[in-house]
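Note that the coordinates shown come from a computational prediction; the quantities given were computed from them, not determined experimentally. Every chain is numbered from 1 and lettered A, B, ... according to where its sequence line falls, protein lines coming before strand lines.
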There are 2 protein chains.
Amino acid sequence: MKNSRLVRKLGHFTRLSQDDKEVLEALCRSRPRRFGPRDTIIGEGERPQTVSLFLDGWACRHKGLEDGRRQIISLFLPGDLCDINIFILKQMDHSISAVTPVTVAEVTREMFEAIVEGHPRIAQALWWESLVSAAIQREWTTSLGQRDAKERISHLLCELYVRLDCVGLVERCSCQLPLSQAEIGEMTGLTAVSVNRVLQDLRHAGLIDLKSRVLTIHDLPALERIALFNANYLHLEGEGKHLAANQ
Amino acid sequence: MKNSRLVRKLGHFTRLSQDDKEVLEALCRSRPRRFGPRDTIIGEGERPQTVSLFLDGWACRHKGLEDGRRQIISLFLPGDLCDINIFILKQMDHSISAVTPVTVAEVTREMFEAIVEGHPRIAQALWWESLVSAAIQREWTTSLGQRDAKERISHLLCELYVRLDCVGLVERCSCQLPLSQAEIGEMTGLTAVSVNRVLQDLRHAGLIDLKSRVLTIHDLPALERIALFNANYLHLEGEGKHLAANQ
DNA sequence: CGTCCCCTTGAATGAAGTCAATACGCGTGG
DNA sequence: CCACGCGTATTGACTTCATTCAAGGGGACG
């Protein structure tokens, strides 16, 4: 059976048993929902009832200021999932929306807790994934605080490229990048105009291609140097692989 | 017995039983360590072995770029604790350092797991606190991405004031603010010079006083309006209070 | 074929950074 | 007790990066 994105991703952390994998695959089939671009998946103020597991398409967390400004706080790619303990909170302090058409599996609290109880290795892997999400959030904070426009955008491209690669969505240096320049601006705290100029710049330097929502990175090391990108925060070095799987 | 900061903070989420409180107080007494200003509590690259529980003083997470720029990613105030599942990671992707003299209780994995097993209400409350930390991180991302200098600094002051208040560290509109202007700059992505100008501005408008590391907020609602501050992300509205305590 | 959204580009403007000089407070040691 | 040094705060003048405003182009779709 084809590896789901989630299984593939967690495999970077630990060696999962066949049973673990099947449990996760089953999880991905639970209560599927589809959303179109810009649809709200969970809105600010609502009470979260389920954990969302993103199977296909891109979604984002975002937060609006009262005067209309909007920040995209993080991205959900296939294989990502949103805060495991989210039901503890009474209401969402931000929204989650689809960026492209999206398929989500919604996991209830009960299902979730049953899995965590019965499959310690999966539980461990899910904690790992949530720690990585937190690390990504911190890196975005760092980017916004310290990097300039060119560094920020380069950094974002490097990060997305690596994250997509680790769920099997990079082929021959290319991946989908289904974001408008305005949306990239909402992530990087820049205007669409500035994003445009930086992308031109990177294109003319021969580092990347980006057209019709497909990104190709010609010289990843160079882009990483520009971005001051260090992948250590993604914790992909098989950290839990020493834990033998009862495979 | 005097409420520890932690007990006080968790009390905003749920009603703790006397037994729960005693367990938490005991936790605060475990393996105490002290650090001086600028001491490294855990450094990037190290393997995290314990959960740090901050009892007294201020500390921060920070991340350095290769060229020397530094971003302060978050602050630890008395009653805060760092990622509960941190031992899952093989190495830290950032550092934690003392800002002022700091007292920390270091909780081992075993102690931690024992408590979570035996005291579901405490476990629940700790998850709540970690979700709030994540929400704070998202708000910092939003600030850096969307707010201008004056809004960012005002927002930071509002947040710290509320957080300190909820652990009993605000008295007559005043609290300690043991940060240099340079450090405020490292949090808000501004230079010390810009921070200085904004603070002057807020002072001259009669909104705040800030001298010898003591902050007084004269008009909190006005400051909140400037900052576009909305406390919902701190989730202080007694969200779990409906859960009766076996008190 | 017109409309809408997105991308592109140029010129003017503005917020924050840089550089540099000065002031202040505090502890230390002569 | 004073001189000194050090870290921090303050202020002014100049620079720069990114924004704003504005106009035009291209592709998808009804």
Side-chain angles (χ1 to χ4, degrees), chain A residues 36-38 58 65 67-72 99-101 143-157 176-205 208-215 226-227, chain B residues 36-38 58 65 67-72 97-101 143-157 176-205 208-215 226-227:
Chain A
R38 283 154 201 274
W58 291 34
L65 268 47
D67 64 358
R69 281 175 279 177
R70 192 175 88 122
Q71 175 69 27
I72 295 183
V99 173
T100 65
S143 259
L144 287 165
Q146 300 299 326
R147 287 188 246 255
D148 69 19
K150 190 168 173 182
E151 293 166 343
R152 267 183 236 177
I153 291 181
S154 306
H155 194 278
L156 178 65
L157 298 181
Q176 298 285 318
L177 194 95
L179 302 170
S180 70
Q181 295 183 350
E183 285 163 336
I184 295 176
E186 289 179 313
M187 293 172 206
T188 52
L190 301 166
T191 59
V193 174
S194 296
V195 171
N196 183 285
R197 294 196 230 261
V198 170
L199 288 176
Q200 296 299 337
D201 193 358
L202 295 175
R203 264 194 280 254
H204 294 143
I208 65 164
D209 262 336
L210 175 52
K211 48 174 184 261
S212 40
R213 310 274 148 128
V214 175
L215 169 70
I226 288 177
Chain B
R38 284 155 201 274
W58 291 34
L65 267 47
D67 64 358
R69 281 175 278 177
R70 193 175 86 123
Q71 176 68 27
I72 294 182
S97 303
V99 173
T100 66
S143 258
L144 288 165
Q146 300 299 325
R147 288 187 247 256
D148 68 19
K150 190 169 174 180
E151 293 166 344
R152 266 183 235 177
I153 291 181
S154 306
H155 194 277
L156 178 66
L157 297 180
Q176 298 286 318
L177 194 94
L179 302 170
S180 69
Q181 296 182 350
E183 285 164 336
I184 295 176
E186 288 179 314
M187 294 173 206
T188 52
L190 302 166
T191 59
V193 175
S194 295
V195 171
N196 183 283
R197 295 198 233 259
V198 169
L199 289 175
Q200 296 298 337
D201 192 0
L202 295 174
R203 263 195 280 255
H204 294 144
I208 65 165
D209 261 337
L210 176 51
K211 49 172 184 263
S212 39
R213 311 275 148 128
V214 175
L215 169 71
I226 288 176

S.K.: Give the rounded distance in Å between these two atoms: CZ of Arg147(A) and P of dA16(C).
M.R.: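 So the two atoms are 21 Å apart, to the nearest Å.
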
S.K.: From dT10(D), dT8(D), dA16(C), pick the nucleotide closest to the side chain of Arg38(B)?
M.R.: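 Nearest to the side-chain atoms of Arg38(B), counting from C-beta on, is dT8(D).
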
S.K.: Check the distance between dT8(C)'s C1' and Lys211(A)'s NZ and give it to me in whole angstrom.
M.R.: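 Between C1' of dT8(C) and NZ of Lys211(A): 15 Å.
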
S.K.: In residues 190-201 of chain B, which residues come under 4.0 Å of DNA chain D by heavy atom?
M.R.: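 Result for residues 190-201 of chain B: Val193(B), Asn196(B), Arg197(B), Gln200(B), sorted by number.
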
S.K.: Is His204(A) reaching over with its side chain to a backbone N or O of Gln200(A), donor-acceptor style, under 3.5 angstrom?
M.R.: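 At least one qualifying donor-acceptor pair exists.
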
S.K.: Rounding to a whole Å, what distance do you find between Arg213(B):CZ and dG25(C):C1'?
M.R.: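 It is 11 Å, rounded to the nearest whole Å.
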
S.K.: Between dC5(C) and Gln181(A), is there an OP1 or OP2 to side-chain N/O distance shorter than 4.0 Å?
M.R.: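 Answer is no, no contact under 4.0 Å.
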
S.K.: Send over the distance from Leu210(B) CG to dT8(D) P, rounded to a whole Å.
M.R.: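 Going from Leu210(B) (CG) to dT8(D) (P), I get 14 Å.
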
S.K.: Distance check, rounded to the nearest 0.5 Å: Asn196(B) atom CG versus Leu190(B) atom CG?
M.R.: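 That separation rounds to 12.0 Å.
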
S.K.: To the nearest 0.5 Å, what is the distance between OG1 (Thr191(B)) and CD1 (Ile184(B))?
M.R.: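 Going from the OG1 atom of Thr191(B) to the CD1 atom of Ile184(B) covers 12.5 Å.
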
S.K.: On the nucleotide dT8(C), are OP1 or OP2 found under 4.0 Å from the side-chain N or O atoms that Arg203(A) carries?
M.R.: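 Indeed, a polar side-chain atom of Arg203(A) lies that close.
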
S.K.: Students often get this wrong, so: under 4.0 angstrom with heavy atoms, is Gly189(B) touching a base, only sugar-phosphate, or nothing?
M.R.: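 If one applies the 4.0 Å heavy-atom cut-off, Gly189(B) turns out to touch the sugar-phosphate alone, with no base involved.
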
S.K.: Separation of Leu177(A) atom CG from dC6(C) atom P, in whole Å?
M.R.: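 From Leu177(A) CG to dC6(C) P: 14 Å.
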
S.K.: Could you tell me how far apart Glu151(A) (CD) and dA18(D) (C1') are, to the nearest whole angstrom?
M.R.: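 Spelled out: CD on Glu151(A) to C1' on dA18(D) is 14 Å.
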
S.K.: Given side-chain contact (heavy atoms from CB on, under 4.5 Å), test Val214(B) with Asp209(B) step by step and report yes or no.
M.R.: CA-CA 8 Å; Val214(B) 175; Asp209(B) 261 337; over 6 Å; no

S.K.: For Lys150(B) and dG14(C), what is the distance between atoms NZ and P respectively, to the nearest whole Å?
M.R.: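 Result: 17 Å.
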
S.K.: Rounded at 0.5 Å granularity, tell me how far CD1 in Ile226(B) sits from CG in Leu157(B).
M.R.: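 If I round to the nearest 0.5 Å, the distance is 10.5 Å.
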
S.K.: To the nearest 0.5 angstrom, please state how far the CG atom of Leu156(B) sits from the CZ atom of Arg147(B).
M.R.: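 Rounded to the nearest 0.5 Å, the CG-CZ separation comes out at 10.5 Å.
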
S.K.: Could you tell me how far apart Ile153(A) (CD1) and dC17(D) (P) are, to the nearest whole angstrom?
M.R.: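 To the nearest whole Å, that distance equals 15 Å.
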
S.K.: Rounded to the nearest 0.5 Å, how far apart are CD of Gln146(A) and CZ of Arg152(A)?
M.R.: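 So the gap between those two atoms works out to 10.0 Å.
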
